[in-house]
Amino acid sequence: MRGLGDLESAIMDRLWTWRRAATAREIMESLYQERPLAYTTVQKVMDNLFRKGWLSRTQHGRAHLYEATASREIAAANLMREALTDSPDHRAVFAHFLAGMDDEEAKALRAALRQRGRREEQ
């Protein structure tokens, strides 16, 4: 999984927020106020997301129902993992990542590390 384009991100955001499957028409109608797109454009991008593994789909009458294959959090973690593996110097990657964190993010990271440590002790 690599990063998403602007329209791909908007589509995934809708599906993650709704937490349910949706058709390309539903997504198009939801996006229409902020960006008037053709149905075929949304359908094509959703088909691309399906091929990339971001979405699953099932036949629903003449249309497809699309659903995110992973939660927003899992997808973000997968992207972070890919970014980490792009560099052989993990320490430097972490140092740069930590330098950009605000206090809330650092607090969340410390809590996650404590939770991981407790799991390893069990």
Side-chain angles (χ1 to χ4, degrees):
M1 291 177 159
R2 286 287 177 201
L4 299 172
D6 189 43
L7 182 53
E8 290 174 326
S9 292
I11 290 168
M12 292 304 299
D13 183 59
R14 292 303 193 283
L15 291 168
W16 283 324
T17 299
W18 296 347
R19 294 183 176 170
R20 65 172 177 82
T23 64
R25 183 158 309 281
E26 287 179 283
I27 297 292
M28 181 205 65
E29 289 170 356
S30 175
L31 291 170
Y32 199 80
Q33 294 301 320
E34 58 194 67
R35 48 168 72 177
L37 297 163
Y39 170 77
T40 54
T41 300
V42 175
Q43 184 180 32
K44 176 70 173 168
V45 172
M46 291 180 80
D47 188 54
N48 288 343
L49 287 166
F50 167 73
R51 283 199 302 280
K52 290 179 181 180
W54 287 85
L55 298 177
S56 63
R57 71 179 178 200
T58 56
Q59 194 71 39
H60 183 70
R62 291 177 31 194
H64 285 109
L65 275 176
Y66 291 90
E67 191 167 14
T69 56
S71 70
R72 183 189 312 260
E73 294 76 18
I74 291 172
N78 289 339
L79 289 173
M80 291 168 70
R81 167 57 55 201
E82 282 189 21
L84 184 61
T85 60
D86 283 347
S87 171
D89 189 350
H90 293 169
R91 185 178 296 215
V93 172
F94 283 129
H96 288 290
F97 182 71
L98 293 170
M101 283 185 156
D102 64 25
D103 290 341
E104 277 299 308
E105 292 165 337
K107 182 178 175 182
L109 178 59
R110 282 191 297 275
L113 288 170
R114 279 192 303 274
Q115 181 180 10
R116 183 178 188 266
R118 284 193 296 270
R119 277 198 328 255
E120 288 179 354
E121 291 173 1
Q122 296 175 353

Minimum heavy-atom distance Thr41-Leu7, with the two atoms named: CG2-CD2, 4.0 Å
Could you name each residue pair satisfying salt bridge (charged side-chain N to carboxylate O under 4.0 Å, His left out) that touches residues 22-31, not counting sequence neighbours? Arg20-Glu26
For Arg91, enumerate each residue passing the salt bridge (Lys or Arg N to Asp or Glu O under 4.0 Å) test, keeping only those at least two apart in sequence or located in another chain. none
Scan for salt bridge (charged side-chain N to carboxylate O under 4.0 Å, His left out) pairs involving residues 41-51, sequence neighbours excluded, and state none if there are none. Asp47-Arg51, Asp47-Arg57
To the nearest 0.5 Å, tell me how far Leu84 CG sits from Leu79 CG. 12.5 Å
Less than 3.5 Å apart, which donor and acceptor atoms pair up between the side chains of residues 93-108 and the rest of the protein, not counting sequence neighbours?
residue, atom, partner, partner atom, Å
Asp102, OD1, Glu104, N, 3.1
Asp102, OD1, Glu105, N, 2.8
Glu105, OE1, Asp102, N, 2.9

I'd like to know if the side chain of Trp16 reaches the main chain of Ala70, judged simply by a donor and an acceptor atom lying under 3.5 Å from each other, with no hydrogens or angles considered. yes
Could I get the full list of salt bridge (Lys or Arg N to Asp or Glu O under 4.0 Å) partners for Arg35, not counting sequence neighbours? Asp6
Holding to side-chain contact (heavy atoms from CB on, under 4.5 Å), I want the full list of residues that pass it with Arg14, two or more places apart in sequence or in another chain. Trp18, Ile27, Ser30, Leu31, Glu34
Report the residues that fulfil side-chain hydrogen bond (donor to acceptor under 3.5 Å, both in side chains) with Gln33, sequence neighbours left out, ordered by chain and then residue number. none
Indicate the atoms forming the closest heavy-atom contact of Gly53 with Thr69, along with that distance. O-OG1, 2.7 Å
Under the salt bridge (Lys or Arg N to Asp or Glu O under 4.0 Å) test, residues paired with Arg72 that sit two or more places apart: Asp13
Answer with yes or no whether the hydrophobic clustering places Met80 together with Trp54; edges join I, L, V, M, F, W, Y residues whose side-chain heavy atoms lie under 4.5 Å apart. no
Going by atom type alone, with no hydrogens or angles, which donor-acceptor pairs under 3.5 Å involve a side-chain atom of residues 112-119 and a protein atom two or more places apart or on another chain?
residue, atom, partner, partner atom, Å
Arg116, NH1, Glu120, OE2, 2.8
Arg116, NH2, Glu120, OE2, 3.2

Glu8: partners by side-chain contact (heavy atoms from CB on, under 4.5 Å), with sequence neighbours left out: Leu4, Val45, Leu49, Lys52
Restricting to side-chain contact (heavy atoms from CB on, under 4.5 Å), what partner residues turn up for Ala21, sequence neighbours left out? Leu65, Glu67
Quick one: OH on Tyr66 to CE on Met12, what's the gap to the nearest 0.5 Å? 12.5 Å
Within 6.0 Å of OH in Tyr32, more than 12 heavy atoms from elsewhere: no
